[in-house]
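Here is the structure we will look at.
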Number of protein chains: 2
Amino acid sequence: MDAITIKDIARALNLSTSTVSRALRDSYEINPETKRLVIEYAERLNYRPNPIALSLKENRSRVIGVVVPQIANNFFSQAINGIEAIAYNRGYHVIIFQSHESYEREVATVQQAVARKADGLLISLSSGTSDFSYLRQLQEKKLPIVLFDRVSKEIDSPCITADNFGGAFAATEHLIQSGRRRIAHLTIPPHISITQERLAGYRAALEQYDIPYDESLIRYAGFGHNEVEPIVDDLLTLSPDAFFAASDRLAIGCLSALKKRNISIPESVSLIGFTNISVADLLAPPMSTVEQPAQEIGQVAAGRLIDLIEGKQKIPQPGTIRIPTKLIVRASSQLESTLLT
Amino acid sequence: MDAITIKDIARALNLSTSTVSRALRDSYEINPETKRLVIEYAERLNYRPNPIALSLKENRSRVIGVVVPQIANNFFSQAINGIEAIAYNRGYHVIIFQSHESYEREVATVQQAVARKADGLLISLSSGTSDFSYLRQLQEKKLPIVLFDRVSKEIDSPCITADNFGGAFAATEHLIQSGRRRIAHLTIPPHISITQERLAGYRAALEQYDIPYDESLIRYAGFGHNEVEPIVDDLLTLSPDAFFAASDRLAIGCLSALKKRNISIPESVSLIGFTNISVADLLAPPMSTVEQPAQEIGQVAAGRLIDLIEGKQKIPQPGTIRIPTKLIVRASSQLESTLLT
DNA sequence: TTGTATGCGTTATCAA
DNA sequence: TTGATAACGCATACAA
């Protein structure tokens with residue numbers, strides 16, 4: 001209701017608003033005495049400049065919009081954590097938008113962010129997005145955009161992702177080296193960048209070890225509630241000797257399905273995208289994981305975006321930055337004692 | 001850079017800005033023909049009112065500030081999900097702030113939210129907070145505040161929490177009924193409301209079954225990285241026959257510690273606050289859980305706050321709303337049953 | 001029915 | 001060194 005303004009200070013001190021404004025901004029061309037007076041009074045009354053008025057004046061909001069498919073998701077909540085850390089350090093606030101894996105909602109939500117005068121956008125594309133014209137339009141309007149995690153080369157924005165290819169390659173190689181040859185690849189919808197990259201890493205590893213690529217072992221699951229189990233059932237008829245699950249959700253669904261069927265495949269289930277390592281440690285059968293550097297991805301993406309906003313990067317410098325992943329191998333030996341029958 | 005304004009429309013149509021403004025707001029006192037013209041033109045140019053200008057004018061932002069200890073946390077990210085769902089439906093945006101379990105950061109962050117002219121605040125208190133005067137000050141300034149999850153009766157705001165007492169009672173009763181008598185209670189710092197409530201539920205169950213309350217079985221862990229293991233070690237010297245872990249993080253730490261020591265206590269570990277049920281299903285030994293209605297808590301809290309903001313609740317109506325929890329019992333064989341508190 | 005003027009809080013330009 | 005004024009985009013009281 002109240003909130004002290006520059007006007008209040010001016011009136012109280014018998015000065016003009018412009019003098020007060022200058023004193024507070026520490027302008028050089030001002031009487032030191034007046035300056036002291038104003039600053040003291042402002043501090044005493046706990047004056048805070050109204051950021052909305054500033055936004056209107058400067059036509060910028062010091063807000064960056066973050067668009068993710070889902071907040072309630074380990075990867076994204078950690079990425080947002082990284083984004084916030086950087087943003088707040090550099091004086092920006094973060095407004096979060098969810099696209100709920102829908103193209104329409106993504107477009108609507110991005111429009112919202114633009115209407116709210118976000119100074120820049122950090123976007124992880126929804127699985128439903130294949131048309132990027134709405135983003136190109138924004139770029140033409142010089143709105144800084146950085147893509148992270150789920151990116152696209154179709155628009156020339158900087159992209160920050162995990163090293164999905166490398167992570168998938170390492171995971172697959174690990175399975176091969178431990179004797180597996182029929183590795184089921186359970187993944188998310190096909191046109192998402194991370195799907196492609198992980199699949200490519202998987203294929204490259206097979207190729208390197210002269211293992212034929214069997215398309216029937218590749219399955220794409222959506223984000224529905226009970227989509228995973230029937231897919232696993234179906235895969236089982238092909239007698240795979242390992243599963244590569246491309247996200248934590250899929251990995252859990254996969255393990256859950258195997259467990260229900262009383263199938264244990266020690267050391268055969270490798271997961272990429274599982275960030276909640278502390279839980280993976282507890283699971284039986286053991287599950288090796290590729291840890292995604294969610295927080296770091298967020299940090300790097302936020303840093304790049306703010307550089308763009310503040311014009312520290314003259315040229316938009318597209319291109320992809322890949323943050324390394326970590327392969328964490330868990331063996332069954334150390335866990336056998338706790339296995340239940 | 002561009003962003004079409006009312007002025008642009010007025011100029012293009014040879015009208016005054018006020019006429020355009022009125023036409024767009026569908027004022028009755030306006031020529032239908034002019035109105036049509038303006039609206040059509042505005043739609044064609046995809047006109048969006050500048051929310052910042054509106055905020056400045058109306059002294060409100062249609063933003064609600066959410067302050068949580070941590071975003072990257074299952075409970076809070078799900079709660080935020082619920083908050084967003086309601087907020088967006090009712091035309092509000094959500095800005096998220098993290099207090100990182102620190103009183104100082106909580107105060108600073110709330111000031112930020114106020115400076116940003118948030119129309120209301122949704123707060124889950126940090127573990128470091130025991131002085132609420134800064135919140136009372138805001139209430140005196142008529143800023144609507146609703147507390148959720150980690151609440152306090154020290155300020156008369158509406159509070160939305162899980163039924164922590166009931167959930168803890170049910171969990172403890174379940175352990176007792178399955179023959180346990182020395183139930184270790186591993187929980188978060190003592191002065192947080194949920195700690196108190198869960199502890200009270202635990203005590204009440206013990207009392208009802210005439211089991212003496214042994215203070216040495218109660219341990220408070222902070223939020224550091226490796227705090228849990230030594231505590232579990234220490235507890236083990238007291239030979240408990242069950243563990244009650246008051247959050248998912250503690251439950252995982254507890255299981256992890258037990259596992260490292262090759263201790264298996266089937267059906268003895270009951271957890272409250274574990275929302276990631278799909279993972280709990282996979283764990284061995286099985287772990288019963290009290291599921292927190294995170295999303296619903298967020299939804300109810302957001303609804304109440306917006307009612308307050310919009311004056312639908314004349315009287316602030318303090319008091320606590322408790323959302324029921326669900327006890328999910330998992331036996332070593334299979335998932336057994338689901339109970340509601 | 002439409003136009004003019006004012007104000008929301010701040011800063012920049014210009015004048016004193 | 002300080003003050004008056006305009007402007008950012010919008011809504012509204014008042015005038016026409």
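Lettering follows sequence order; numbering is per chain, from 1.
- Axis orientation changes by 60° from one end of the helix from C:dT1-D:dA16 to C:dA16-D:dT1 to the other, with each end axis drawn from 5 pairs and the value rounded to 10°.
- Listed by first then second residue, pairs satisfying salt bridge (Lys or Arg N to Asp or Glu O under 4.0 Å) with a partner in residues 82-106 of chain B read B:Arg90-B:Asp307, B:Arg90-B:Glu310, B:Glu101-B:Arg150, not counting sequence neighbours.
- A distance-only check finds a donor-acceptor pair linking the side chain of B:Ser61 to the backbone of B:Lys117 [under 3.5 Å].
- The listed nucleotides are C:dG9, C:dA12, D:dT1; the one nearest the side chain of A:Ala53 is C:dG9.
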For nucleotides 3-5 of chain C, give me every protein contact, N/O to N/O, under 3.5 Å, one pair per line with atom names.
{"from": "C:dG3", "atom 1": "OP2", "to": "B:Ser16", "atom 2": "N", "distance (Å)": "3.0"}
{"from": "C:dG3", "atom 1": "OP2", "to": "B:Ser16", "atom 2": "OG", "distance (Å)": "3.2"}
{"from": "C:dG3", "atom 1": "OP2", "to": "B:Thr19", "atom 2": "OG1", "distance (Å)": "2.5"}
{"from": "C:dG3", "atom 1": "N7", "to": "B:Arg22", "atom 2": "NH2", "distance (Å)": "2.7"}
{"from": "C:dG3", "atom 1": "O6", "to": "B:Arg22", "atom 2": "NH1", "distance (Å)": "2.8"}
{"from": "C:dG3", "atom 1": "O6", "to": "B:Arg22", "atom 2": "NH2", "distance (Å)": "2.9"}
{"from": "C:dT4", "atom 1": "O4", "to": "B:Ser18", "atom 2": "OG", "distance (Å)": "2.9"}

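- For the pair B:Lys7 and D:dC8, the criterion of a side-chain N or O lying under 4.0 Å from OP1 or OP2 is met.
- In terms of modelled atom types and a separation under 3.5 Å, the side chain of B:Asp119 and the main chain of B:Ile64 share no donor-acceptor contact.
- Residue B:Leu24 contributes atom CG, which lies 13 Å from atom P of C:dT2 at whole-angstrom precision.
- Rounded to an integer number of Å, the gap from B:Asp8 CG to D:dG9 P is 8 Å.
- Between A:Phe132 and A:Leu125, the shortest heavy-atom contact is CE2-CD1, 3.6 Å.
- B:Phe76 is listed as a side-chain neighbour of B:Asp149, based on a closest heavy-atom distance under 4.5 Å.
- Regarding A:Arg60, its CZ atom lies at a distance of 13 Å from the P atom of C:dT11, rounded to whole Å.
- At least one side-chain nitrogen or oxygen of A:Tyr47 sits closer than 4.0 Å to the OP1 or OP2 atom of C:dT10.
- For D:dC8, the OP1/OP2 oxygens have no side-chain nitrogen or oxygen of B:Thr5 closer than 4.0 Å.
- Contacts of A:Ile6 with the nucleic acid, taken as non-hydrogen atoms under 4.0 Å apart, involve only primed sugar atoms and P, OP1 or OP2.
- At whole-Å resolution of the value, CG in A:Leu13 and C1' in D:dT2 are 14 Å apart.
- Between the CD1 atom of B:Ile83 and the CD1 atom of A:Ile71 there is a distance of 9.0 Å, given to the nearest 0.5 Å.
- Contact annotation for A:Ser55: no contact, since no heavy-atom pair falls under 4.0 Å across all strands.
- One interatomic measurement links the two molecules: CZ of A:Arg36 to P of D:dT1, which rounds to 16 Å at whole-angstrom precision.
- In this structure, the nucleotide among C:dG9, C:dT11, D:dC10 sitting nearest to the side chain of A:Asn50 is C:dG9.
- For B:Thr161 (side chain) and B:Phe148 (main-chain N/O), no donor-acceptor pair under 3.5 Å exists by modelled atom type.
- Using a distance-only test at 3.5 Å, with no hydrogens or angles considered, a donor-acceptor pair links the side chain of B:His191 to the main chain of B:Ser127.
- Taking for each of B:Pro32 and B:Glu58 the nucleotide of DNA chain C with the nearest heavy atom, the 5'-most of the two is the partner of B:Pro32.
- Checked by atom type and distance alone, the side chain of A:Ser157 never pairs as donor or acceptor with a backbone atom of A:Val146 at under 3.5 Å.
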